[in-house]
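Atoms considered below: every heavy atom in the structure, side chains included; atoms not considered: hydrogens, waters and symmetry mates.
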Amino acid sequence: MNTETGYRLELTGVFGYPVDENPTVVMMEAAFSELGLDWTYLTIKVPSESLGAGIAGIRAMGFRGLNLTIPHKGAVLQYLDEVDQGARIMGAVNTVYRKDNLLAGTNTDGKGFLRSLTDDAHTDPAGKKVLVLGAGGAARAIAVELALAGAASILIVNRDEVRGRELVRLVRENSSTHAEYLSWHDAVSIPSDTDIVVNATSIGLFPDTEAIPHVNFDTIRKGMIVCDVIPNPPRTRFLVEAEKRGAVTLDGLGMLVYQGAIAFKLWTGRDAPIAVMKKALVAL
């Protein structure tokens, strides 16, 4: 109990292994401070074999919320009381929150992408044709949420065929969205009727900022929405090349901020100070 304010210090945090470089603490602490909340965000290193004990610990200590990062997003499902539809389909939870006396799980990654798409690019994914580069965790989250939001079709482009086809199966079995797989061994040509292109790989992430996805950029047409999930640097070479062809671009910083803002609202019940959170991340 804080004797000056009369409020109990509320606990949130992140479990990961490794977790030292996780940037979420910066934007969450900035958000708590901006709204005058007596809350704190802890960065906690938890190895895989200790995850169950860790979740029992946050129950006992009354944590109001928790983020999960590598390697816990899939394993944590077994320790939660409730998991929402999207997170259960993709098999990954990155945010835990209190729901009465229960611990509920969701995945805000794909939801953060959708909010960035609608709020920043002013684009409703319903009825749109989407191409997603990659089939890892970010791609799964984004593809599932796009499908649940009513995307007409999703083309998954990936080098690993097994993983690519598995994501196609998830989309097909859990939505009415048409999904197909395309092998990624040569430069990818973007179908001319594509509305949204998403680089959901780590290609171009700092420090390898000169790396660029193997795409035939001359097949990107004016007016396409081209997105990158990479937040650092936000203006990747992928987006620069797409802009040269007249595409509308969307960087990964917005997705990172919005997914955190969604978690913030689940934990606190308050609207997140988006601008403050983004400013905190940019200053890193």
Check: R115 main-chain N/O paired with T118 side-chain donor or acceptor under 3.5 Å: yes
query: What do you reckon, is OH of Y17 surrounded by more than 12 foreign heavy atoms closer than 6.0 Å?
result: no
field: Same apolar cluster (I L V M F W Y, side chains within < 4.5 Å links), L205/V226
entry: no
- line: One should read off an interatomic distance between I220 CD1 and E241 CD, to the nearest 0.5 angstrom, of 8.5 Å
query: Side chains of F238 and V197: does their closest heavy-atom pair fall under 4.5 Å?
result: yes
message: When you compare the side chains of T40 and E29, does any donor N or O come within less than 3.5 Å of an acceptor on the partner?
response: yes
message: With a 3.5 Å distance limit and no angle check, can you tell me whether W184 reaches the backbone of E161 through a side-chain donor-acceptor pair?
response: no
message: Hydrophobic clustering (ILVMFWY, side-chain heavy atoms < 4.5 Å, transitive) - are I262 and I274 grouped together?
response: yes
query: Judged by atom type as modelled, is there a donor-acceptor pair below 3.5 Å linking the side chain of K265 to the main-chain atoms of A261?
result: no
message: Does any part of the side chain of N174, heavy atoms only, come nearer than 4.5 Å to the side chain of R169, both counted from C-beta?
response: no
field: Side-chain ion pair, D193 and K129, N-O less than 4.0 Å
entry: yes
field: Flag side-chain contact, heavy atom, 4.5 Å: V93 against K73
entry: no
message: If hydrophobic clusters are built from ILVMFWY residues whose side chains come within less than 4.5 Å, do W267 and F63 share one?
response: no
task: Give a yes or no answer on whether the side chain of R64 reaches the backbone of T12 with a donor-acceptor pair at less than 3.5 Å.
output: no
message: Counting only heavy atoms not in L102 (residues, nucleotides, ligands), do more than 12 fall under 6.0 Å from its CG?
response: yes
task: Ignoring hydrogens and angles, tell me if any N or O in the side chain of R172 forms a donor-acceptor pair with the backbone of A179 under 3.5 Å.
output: yes
message: Please determine whether side chain to side chain contact (heavy atoms under 4.5 Å, CB included) holds for the pair E82 and K99, giving the CA-CA distance in whole Å, both sets of side-chain angles, and the decisive distance to 0.1 Å.
response: CA-CA 9 Å; E82 185 178 305; K99 192 172 182 181; 2.5 Å; yes
query: Does the side chain of D228 pick up a donor-acceptor pair with the side chain of T236 at under 3.5 Å?
result: yes
query: So if you build clusters from Ile, Leu, Val, Met, Phe, Trp, Tyr with side-chain heavy-atom gaps below 4.5 Å, do V168 and V198 land together?
result: yes
task: Decide yes or no for Y41 and T24: does some side-chain heavy atom of the first lie under 4.5 Å from some side-chain heavy atom of the second?
output: yes
Exercise: identify the closest heavy-atom pair between V171 and I154: CG1-CD1, 4.4 Å
task: For the residue pair N94 and T108, confirm or rule out a side-chain donor-acceptor distance under 3.5 Å.
output: yes
- prompt: Taking side chain as C-beta onward, heavy atoms only, is S153 less than 4.5 Å from V130?
  reply: no
- prompt: Where does the angle between the aromatic ring planes of W39 and F32 fall among parallel (under 30°), tilted (30 to 60°) and perpendicular (over 60°)?
  reply: tilted
statement: Taking every heavy atom of T69 against every heavy atom of G16, the minimum-distance pair comes out as CG2-CA, 3.6 Å
field: Chi angles and distances behind the side chain to side chain contact (heavy atoms under 4.5 Å, CB included) call for L37, R270
entry: CA-CA 10 Å; L37 297 176; R270 304 275 295 274; 3.5 Å; yes
message: Between the side chains of D208 and R237, is the shortest nitrogen-to-carboxylate-oxygen separation below 4.0 Å, so that they form an ion pair?
response: no
message: Could you see if L66 belongs to whatever hydrophobic cluster contains L80? Use Ile, Leu, Val, Met, Phe, Trp, Tyr and a side-chain cutoff under 4.5 Å.
response: yes
field: Donor-acceptor under 3.5 Å (S33 side chain, A30 main chain)
entry: no
- request: Ignoring hydrogens and angles, tell me if any N or O in the side chain of N216 forms a donor-acceptor pair with the backbone of V188 under 3.5 Å.
  value: no
query: How close do N158 and G164 get, heavy atom to heavy atom, and via which atoms?
result: ND2-N, 4.0 Å
- prompt: Would you say T219's side chain and S189's backbone share a donor-acceptor pair under 3.5 angstrom?
  reply: no
task: Could you walk me through whether I196 and C227 pass the side chain to side chain contact (heavy atoms under 4.5 Å, CB included) test, one step at a time?
output: CA-CA 8 Å; I196 302 168; C227 317; 4.1 Å; yes
- prompt: Do you know which two heavy atoms are closest between G254 and D120, and how far apart they sit?
  reply: CA-OD2, 4.4 Å
task: Might you work through the side chain to side chain contact (heavy atoms under 4.5 Å, CB included) test for L103 and R59, ending with a clear yes or no?
output: CA-CA 8 Å; L103 288 184; R59 287 184 188 273; 3.4 Å; yes
query: Could you give the distance from CE (M224) to OG (S192), rounded to the nearest 0.5 Å?
result: 7.0 Å
query: Is there a side-chain contact between L253 and K278, using heavy atoms and a 4.5 Å cut-off?
result: yes
field: Sub-6.0 Å ring centroid separation between F113 and Y258
entry: no
task: Could you verify whether a donor N or O on one side chain and an acceptor N or O on the other, from D84 and T106, lie under 3.5 Å apart?
output: yes
- prompt: Taking atom CG of D109 and atom CD1 of I142, what is their separation to the nearest 0.5 Å?
  reply: 8.0 Å
G150 to T177 - nearest heavy-atom pair and separation: C-OG1, 4.4 Å
query: How many angstroms lie between CE in M61 and CG in L42, if you round to the nearest 0.5 Å?
result: 8.5 Å
query: OG of S183 to CZ of R165: how many Å apart, nearest 0.5 Å?
result: 8.5 Å
- prompt: Quick check: does any side chain N or O of Q259 sit under 3.5 Å from a backbone N or O of L256, one acting as donor and the other as acceptor?
  reply: yes
task: Step by step, work out the side-chain hydrogen bond (donor to acceptor under 3.5 Å, both in side chains) result for N67 and T95.
output: CA-CA 5 Å; N67 288 134; T95 299; 3.2 Å; yes
query: A139 and V132: which non-hydrogen atoms are nearest, and at how many Å?
result: CB-CG1, 3.9 Å
query: Does a salt bridge link R235 with D251, judged by any charged N lying under 4.0 Å from a carboxylate O?
result: no
query: Between CG of D218 and NZ of K244, what distance do you get to the nearest 0.5 Å?
result: 11.0 Å
- request: May I ask you to test the F15-I58 pair for a side-chain heavy-atom distance under 4.5 Å?
  value: yes
message: Between I156 and L182, is there a side-chain heavy-atom distance shorter than 4.5 Å?
response: no
- request: Kindly say whether A92 contributes a backbone atom to a donor-acceptor pair with the side chain of N107 at under 3.5 angstrom?
  value: yes
